[in-house]
Amino acid sequence: MAAPAQPKKIVAPTVSQINAEFVTQVIEEIYEKEIVKSRFAIRKIMLLEFSQYLENYLWMNYSPQVSSKAYLMSICCMVNEKFRENVPAWETFKKKPDHFPFFFKCILKAALAETDGEFSLHEQTVLLLFLDHCFNSLEVDLIRSQVQQLISLPMWMGLQPARLELELKKTPKLRKFWNLIKKNDEKMDPEAREQAYQERRFLSQLIQKFISVLKSVPLSEPVTMDKVHYCERFIELIIDLEALLPTRRWFNTILDDSHLLVHCYLSNLVHREEDGHLFSQLLDMLKFYTGFEINDQTGNALTENEMTTIHYDRITSLQRAAFAHFPELYDFALSNVAEVDTRESLVKFFGPLSSNTLHQVASYLCLLPTLPKAEDTTFDKEFLLELLVSRHERRISQIQQLNQMPLYPTEKIIWDENIVPTEYYSGEGCLALPKLNLQFLTLHDYLLRNFNLFRLESTYEIRQDIEDSVSRMKPWQSEYGGVVFGGWARMAQPIVAFTVVEVAKPNIGENWPTRVRADVTINLNVRDHIKDEWEGLRKHDVCFLITVRPTKPYGTKFDRRRPFIEQVGLVYVRGCEIQGMLDDKGRVIEDGPEPRPNLRGESRTFRVFLDPNQYQQDMTNTIQNGAEDVYETFNIIMRRKPKENNFKAVLETIRNLMNTDCVVPDWLHDIILGYGDPSSAHYSKMPNQIATLDFNDTFLSIEHLKTSFPGHNVKVTVDDPALQIPPFRITFPVRSGKGKKRKDADGEDEDTEEAKTLIVEPHVIPNRGPYPYNQPKRNTIQFTHTQIEAIRAGMQPGLTMVVGPPGTGKTDVAVQIISNIYHNFPEQRTLIVTHSNQALNQLFEKIMALDIDERHLLRLGHGEEELETEKDFSRYGRVNYVLARRIELLEEVKRLQKSLGVPGDASYTCETAGYFFLYQVMSRWEEYISKVKNKANTLPDVMEVSTFFPFHEYFANAPQPIFKGRSYEEDMEIAEGCFRHIKKIFTQLEEFRASELLRSGLDRSKYLLVKEAKIIAMTCTHAALKRHDLVKLGFKYDNILMEEAAQILEIETFIPLLLQNPQDGFSRLKRWIMIGDHHQLPPVIKNMAFQKYSNMEQSLFTRFVRVGVPTVDLDAQGRARASLCNLYNWRYKNLGNLPHVQLLPEFSTANAGLLYDFQLINVEDFQGVGESEPNPYFYQNLGEAEYVVALFMYMCLLGYPADKISILTTYNGQKHLIRDIINRRCGSNPLIGRPNKVTTVDRFQGQQNDYILLSLVRTRAVGHLRDVRRLVVAMSRARLGLYIFARVSLFQNCFELTPAFSQLTARPLHLHIIPTEPFPTSRKNGERPSREVQIIKNMPQMANFVYNMYMHLIQTTHHYHQTLLQLPPAMVEEGEEVQSQETELETEEEGMPAQADIPSLTDASSSQETLASQTEPTPDQTEASSNPEAISALSEITAAVARPEAVPSEADTHQEATSAPEETK
């Protein structure tokens, strides 16, 4: 039967064969025509990647049979593009991993191919970039399994034999492993062995290949940029390998053995000014990392002493070799180390030697292979000399360099394109910037990378501020050659006088002054609110002193597109820090609770601190080189917005951290660096797990407790159901380390049974006193079992990470954890850190609703002004509270003293009150107890409890009767409660006694911070700013809770761990709870280069999740309708809904006047235009903006409250456009109102509203909405209704957005409205309406419809007022006529400025004239719709109708119209 089948195969190839041939053909064609022909143009590759070329075509059909050059290159291009766009790249490969190993081997082969062969240099650069991405994705199992073979110990095969022997001798343990590797190799079959050898030698061969490319670069002749880019990308790859411990561990030796750095520094490329600039910068970074202070094998950081020892060992081994074998180097061999370890002296000793001798010296040190006798060396002398010198010269300590660096950027750094890239960074080239990936070498490396990035990112923002302020001031050259300012800026002022008033002596061992102070005088002849801002400059605010010497004559226009510096003639920029403003007598006005003195006149002088390092450098330059004194030239001072101006303090903090021994708790150290077992800090693996915890008011009932621990067996210590009431203490089974090793089969079942049993013990909170306010406040939230798991984890020691999707009660969980820690561990102190003041305020408002004593709360920073409570939790607010409370309590003592009839003045101070308690109160209580406590043989008498009670008179103002007389136990508990009430008065007074001894507000506030407060809250920025002060005060804490952790920069998350000095070399930190959501937007980084290339937007929270730290994922949301939740819950692990989302009427009722609760509305071009871009990246879309506002007006006219609607958009340009349209259309119209907020999606993160109208703006490319995190935030802001305006054809094709857009496009893409259904409606959500549904096809139709609806409403309102006032008809008509004439005039005047201000806006009427209205118009309406003035007139009437007393005059209206655009700017 098999025979006839043979020819059939030949005749008809299978479907897969046909497909394979066809696919390869198509891929070849696309690669050649689209990619290679366009020289790998980003636009082409973007389009291919966007159309899911990799997912649906390339990888789906890939197999070893069809693999070809074009195929490999196409896949690499797509992966690189995904990394460039910051979208997940490896998902497709994970789904179909079978052919990946073969594919990866092909890549390795191609990377080593000859450059003049099949693969061009440009193509090999693409392969290098692909490999770099692989090495940086070690968290992906698929990638790691392939990469590991390239970078493990066997790669040392690439070392020269003598060097290998030397390395194995250093660490004897390695020799054992090496022998094992050899044995295993012998067992392999020859083909597999050859393959393994290829992989192990891959990096060594790649280095050799690079060196040959580098050597082909000429010194001065033209060079192809492909070569330069290849060299840059190669160095970037090597830096990344050196900066990760797993790759560096064995590779560093290979790199050292190849002498790559020496080859590079001697290459022609370094000496080419233009082309080699970036290469040189990358080389410096590589040099830094090759000599990094770390032990490659153990991964331990090396101290300064250990580094010196290594240096001395190298020099002495060189001296020994010289002494033994090279008589011409005797002088060198016998000198002391300090004399010979500088570059100059090494060159002096080794320079005269011949090349052969130098080679022999190097081979004695195992740096080069031995030179055979009678043969000359192949290396040139320059290389051999540089090899020996660079290896043995003394290095400058990293920390010394750092300490001598000025922290403020100067004009040289600010406008250097290579250090701070300006223009939109496309992600194509590489940059000399550090990267933040998953792992770091040591804490020093971690801090240093963050330090450099933070410094450069803030420099970029400073540049923008300087350019903005200085160009607004319009500096021109005056007729006499000086400077004249033709404009003014809110954030900058001309300097009247500048003098340096103090240069303090340097500290011992330093050569820069300890401090430099100067006085800056300015003239504040400006508006009052701006004057207040200048006078409000606080201590530590940073300002910039600028010198401009303009060359352009008066009146020259400034062109934003031309270089800034030459236009304004900017010469110098120096930073300074405000100490304070000076008063009339020349003294600094201190910050404090006291009001500031009022100063006369306009002239103000500020005392500022200058940067001592910078001052020393400038002065040295002036004295040595005769340069001019910078400090006599300043003529502008610029301030910045306080929120964006904390960079200097943060940099100082990081620098201080690097100068101290950073003590991170042992259980956190490796996790922060990204190594070891990521779950090692989870409470279940901590050695100090706590068995019994009091859950206080977490559970509402015993049933709630049982449902909170599914799969556990709950044993209650009491059987009576009446006694099974909260609060509960729970004892958990704690597994000790020993228990795990028992492999006894019988014991296993017992073990698991035991492990599932919880022992629950209800306990009664002791009576706190007879007054109603003595009752503790209780939690009322029924937590879900995952929330309970998060609370339990937070109470246990260790690291707890809670992922909280939108609406899952993150804040409630945080507050409950804080409360439970406070009650379980009263002696511990908890630090709360959040990203924004708003989040901190929400937390505080909820904390106050729980049973936490107010005197233990403290809020640091400047956000406490926004707290929506009458109470002030700031430092001075707390001081005032303590003083007021002290007086209240002393009054109570006075009353108690009077009630007991004790003479004297016990309530004079806290001290006298203490004695009164001891001698008068305690004695009476003890006597009372001895009377009523039951004697051995008699039954206790209930009446005695009340009869002998000594404080009846004092408690006369409590609800009577105090004693119920029902049982002895109950009355005794009440009596003890009364005594607890009295005792608490005296314990509080004892705590407040310090405020009697400390006289100043500052001392008192410090005492509160260090001793009294148990829960201290601040923003991450405040922590970074004030670290120095807090440590100096001796601030201590045991627990940290971070809210919004995924929005906090990596370094700003790290600093709060180190706000205290270690005790005996250990950190006292016991718990670290991070709550955030890495599926929402990351921290804001303004410069694209830092954001994308350096991955600076990655928060520590996100990095921990990527590393694999266990998280508790909250899984029930209670914010939005279930249907709205479906738009984003696909992004989370099984996110469901809380029951009330289905049950509450607000969720089950439909949105009035709208058929659907969410809809995607397609918006086509309006007047032939879709998106527009008046300025770069300032995107606007007029059609969408008008449509959004029309829907908003429609909803308001139906009766929706305007403050329940927010309008969001994805771009700033669109935000401004919508605000302008709202000012024009709705203004202050009482029938419509203004939306709650008009802002961007990014700004609205963490907030919510009932109805969200969202404009996606773009019509040509998807833009930054491709970042799924932005999509999740956009979809999850609405509770009841979400209406999205977008170009559907664009967004529905985007692969990343499919899960949301497939649901959105399942509904009609035209807006469906029910105009006759007023708000609120009784129609259920999803029910067919009984009234007529109207379909709106486009924006002009909607605008027209809303206009007619509005007119109709006005007329009915007008008739209603007529009948109500019962005026003669004639009078009303006359009045109306007069008014419309009046308003016609107003409109003409009003239209002028508004029209000039917003040229691109459509006139409301233009669209309405062209389209027939949807409803039957009355004659009046028709007339009005064809007359633009009538619209304005009628809107004026509306205003008058709604507020009959306020008919605006011409002057008023004109003023309103002109001020509106001002507000929107």
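Heavy atoms only: backbone and side chains are in, while hydrogens, waters and symmetry mates are out. By convention here, the first residue in the shown sequence is residue 1.
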One should read off an interatomic distance between L237 CG and L127 CG, to the nearest 0.5 angstrom, of 11.5 Å
Distance (rounded to the nearest 0.5 Å) between T378 OG1 and F383 CZ = 9.0 Å
Considering only NZ, NE, NH1 and NH2 on the basic side and carboxylate oxygens on the acidic side, decide whether R314 and E393 come within less than 4.0 Å.
-> no
Is it true that R248 and D240 make a salt bridge, defined as a side-chain N closer than 4.0 Å to a carboxylate O?
-> no
Salt-bridge contact E304-R395 (side-chain N to carboxylate O under 4.0 Å) = yes
Is any side-chain N of the basic residue among D284 and K287 closer than 4.0 Å to the acidic one's carboxylate O?
-> no
F288 side chain near I239 side chain, heavy-atom distance below 4.5 Å | no
Carboxylate-amine/guanidinium contact R163 D256, below 4.0 Å | yes
Just how far is it from atom CG of L353 to atom CZ of F332, taken to the nearest 0.5 Å?
-> 10.5 Å
What distance separates L358 CG from F350 CZ, expressed to the nearest 0.5 Å?
-> 8.0 Å
Taking atom OG1 of T410 and atom CH2 of W415, what is their separation to the nearest 0.5 Å?
-> 9.5 Å
Please check if the side chain of E118 supplies one atom and the backbone of A113 the other of a donor-acceptor pair under 3.5 Å.
-> no
